[in-house]
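These notes concern the structure reproduced below.
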There are 2 protein chains.
Amino acid sequence: MPTLSEVARHAGVTPATVSNVLRHRGRVGETTRQRVLDAVETLGYRPHLAARALAEGRAPTLALMVSSIANPFYPEFALAVERAARTSGHFVIICNTNEDPLTGRAYLDQIAGTLSEGVLVTNANLDFADLHTTEARGTPVVLCMWERPSEPPGLPCVAVDFRLAGELAGTHLLELGHRRMGAIVGSKASGIHATRYEGFVDALRAAGVAKNRVRHAVDTIRGGYLAARALLEADPQLTAIFATNDLPALGAMHAAADLGLCVPDDLSVVGITDIELARESRPALTTVAVPTVEAAGLAVDLLRELIESSYGQAGRGTKHVPMRISSAPRLVVRASTAVPRARRKAAANAGRTENLE
Amino acid sequence: MPTLSEVARHAGVTPATVSNVLRHRGRVGETTRQRVLDAVETLGYRPHLAARALAEGRAPTLALMVSSIANPFYPEFALAVERAARTSGHFVIICNTNEDPLTGRAYLDQIAGTLSEGVLVTNANLDFADLHTTEARGTPVVLCMWERPSEPPGLPCVAVDFRLAGELAGTHLLELGHRRMGAIVGSKASGIHATRYEGFVDALRAAGVAKNRVRHAVDTIRGGYLAARALLEADPQLTAIFATNDLPALGAMHAAADLGLCVPDDLSVVGITDIELARESRPALTTVAVPTVEAAGLAVDLLRELIESSYGQAGRGTKHVPMRISSAPRLVVRASTAVPRARRKAAANAGRTENLE
DNA sequence: CTGAAAGCGCTAACAT
DNA sequence: ATGTTAGCGCTTTCAG
């Protein structure tokens, strides 16, 4: 592979000049510029990114920490992150922590600041102390999906109002006439979904509805399935189930099917996130859409800014921790929610009565 | 961040020695070794990967080219790749081509050999010429999921016998008694699924069954849905549908549902791959499982070997192109396939008759 | 067993 | 407008 100096020699200039024309820095005469470009072309020169990284003191990569890329939310998010990262010439290294804080730490220790100039963190179950450490070492970190805009974490982040998401789900169910509902709260270990559930409960409480059973579950279709079955067996009168994530919501639909319940007529189901699968399920899942792509963009932008401003390096301690807030989640009504059957009958009767009048 | 020399100074030795103890190279006295280790510990030294990459002439990353990480197969594969890569100290940079050869080329041009010492390629719709170019420039490339073990491509690869996968699917349907089947062939553009379909057709042909309608589709649930509807509308007598991938197969199930057909009683559906969703669908999808994790492991191993042997750099042209073959795909019977209804009735009648005798 | 020295390919002040 | 000169942090012969 040709190097800068070879190109320089070929063009009859010095490496510095070549570097300048390539990076649009400094002033370079038009003729030499052309000569250099030609040399680059004929030699097929490509800058050596590792060398450049060393010289610049910054590698053109971002580390994206995820718990497991196999969870369908992450790929969608990762794709958005990659798109955003490319616009600033960054590559993304994908780091699966598998929910293991030690794996996460190992990643941070190895690449933060040495191969990546920034770290993006999703709910990867990382140790916050480790994140602070890497930040203290000079590598900016941003949390990509903070759940509580009202309670900033100690780290730069992009917050999404997940409490509102839960509330919207609850309100929707309430408006349809549901009064007896179940809730499936995912990610028990990390407790990260608590906020969503709070929002849901708030909605019910505001409406004076107290009937609400909860069940924790792992954040998968299967987890939701199991939780929903338990919920439905404990209280067969439930007319609706809210899940803090789409995957468990999908599982709840399966559980309903297995119990001979028809969704949405016998049981309404609503989730949160709006992953692609939500659109593709049968019936299509009503869910509260979270601005994933937007959040990814905001996160990358924020990280980029922190990098430029060398956040963390300078006056540590006194600076305020930036937080960006994404646009609000919004309800997407599809086919998995409806007026509960009992109500519908009542409404039908009412209608008939009216007709008779 | 502390550097090697700082550690050296702190330990009263030279950088070379520190490097040696850290990399278990060269002979170092036990006492100095300990001293160095202590210094590393107290200073919190972490090797600068970019610097090391430059000095060693090789960056510790692998580029994984995928068409779109949002397609659920890729995350599963990517996860396996990352796991395998880590065992040799490699990080993985995820490169979404979005099916665009130009994007793919841009990635290759930028990072191959400059930030990544190897490239892993899935069906990312890359230009083979570009791959050959990067190989010629000295960066090993391996194709991760070559579909025809009998026809090696010109590049190192891991092959999976996808013809057999199609055949297994066909045979399964045949054995259940299906005679009138439809096929959904995905990824028309790249033609990559043709082999799977061939296998399917071979099976039918061998059984003397010619009834088989084909339809091409994009490789998504929606694509499968559309194709299945078209198939079923064109020939309502179809008792089974084979799809060259799980996603379209899932879509076919939805189409059946919308047409009032019960899977598997009215229509059997079988796919290929066995992505996680196949286990989670309702009914669970019968499919031909492909050894994804194994293939990922083989691909990383192969790539690693090529890197060690500096394949491509030395005696170009005369070498033979290595190919690894994964274990065979195998049928996983779940709930989406069954004996066709007509047959079942016949069998029932036969049974009754026998009983009467 | 350890140190000295050169250099990986590039960038960045500073000179000219 | 271009050239000079130092490194970036690490590895790696080759001496001692």
Side-chain angles (χ1 to χ4, degrees), chain A residues 1-37 39-40 43-60 89 110-117 137-139 313, chain B residues 1-37 39-40 43-60 89 110-117 137-139 313:
Chain A
M1 279 217 326
T3 70
L4 236 210
S5 354
E6 299 187 55
V7 173
R9 202 175 319 136
H10 197 95
V13 297
T14 71
T17 304
V18 177
S19 179
N20 280 336
V21 355
L22 256 29
R23 325 195 26 259
H24 314 286
R25 282 267 226 296
R27 273 146 293 279
V28 181
E30 184 51 34
T31 60
T32 37
R33 212 184 78 86
Q34 207 42 253
R35 209 141 32 86
V36 167
L37 257 21
V40 164
L43 258 39
Y45 169 78
R46 299 176 303 137
H48 192 289
L49 266 25
R52 179 177 282 181
L54 180 58
E56 286 185 326
R58 44 149 63 197
Q110 291 186 86
I111 66 180
T114 78
L115 192 59
S116 288
E117 60 167 345
R137 296 204 266 231
T139 305
Q313 324 248 56
Chain B
M1 279 215 328
T3 70
L4 236 211
S5 353
E6 299 187 54
V7 173
R9 204 175 317 136
H10 196 95
V13 296
T14 71
T17 303
V18 178
S19 179
N20 279 336
V21 354
L22 256 28
R23 330 209 15 268
H24 314 286
R25 281 266 226 295
R27 273 146 296 278
V28 181
E30 185 50 33
T31 59
T32 36
R33 212 184 78 86
Q34 208 41 254
R35 210 141 30 88
V36 167
L37 257 21
V40 164
L43 258 39
Y45 170 78
R46 300 175 304 137
H48 193 290
L49 267 25
R52 180 176 280 180
L54 178 59
E56 284 185 327
R58 44 149 63 197
Q110 291 186 84
I111 65 179
T114 78
L115 192 59
S116 287
E117 61 168 343
R137 297 204 265 230
T139 304
Q313 325 247 56

Margin query: Counting primed atoms plus P, OP1 and OP2 as sugar-phosphate and everything else as base, spell out the protein contacts along nucleotides 2-7 of chain D at 4.0 Å heavy-atom distance: B, S or - for each nucleotide, 5' to 3'.
Written below: BBB--B
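To the nearest 0.5 Å, atoms OG (B/S19) and CZ (B/R52) are separated by 7.0 Å. For the atom pair OH of A/Y45 and CE of A/M1, the computed distance is 8.0 Å after rounding to the nearest 0.5 Å. Interatomic distance, OG1 of A/T139 versus CD of A/E117, reported as 9.0 Å (0.5 Å rounding).
Of the residues in residues 43-53 of chain A, not one places a heavy atom less than 4.0 Å from an atom of DNA chain D.
Taking atom CZ of B/R9 as the reference point, atom P of C/dT2 lies 20 Å away to the nearest angstrom. Atoms CG (B/L54) and P (C/dT11) sit 11 Å apart, rounded to a whole Å.
Partners of A/R9 according to the side-chain hydrogen bond (donor to acceptor under 3.5 Å, both in side chains) rule, which considers only residues two or more places apart in sequence or in another chain, do not exist here.
Listed pair A/R23 / C/dA12 meets the phosphate criterion, a side-chain N or O lying under 4.0 Å from OP1 or OP2.
Backbone-only contact: B/T3 has heavy atoms under 4.0 Å from sugar-phosphate atoms and none from a base.
We find that A/R23 and A/E56 are joined by a salt bridge, their nearest charged nitrogen and carboxylate oxygen being less than 4.0 Å apart.
For the pair B/Q34/B/T31, no side-chain contact is recorded, criterion being any heavy-atom separation below 4.5 Å from C-beta on.
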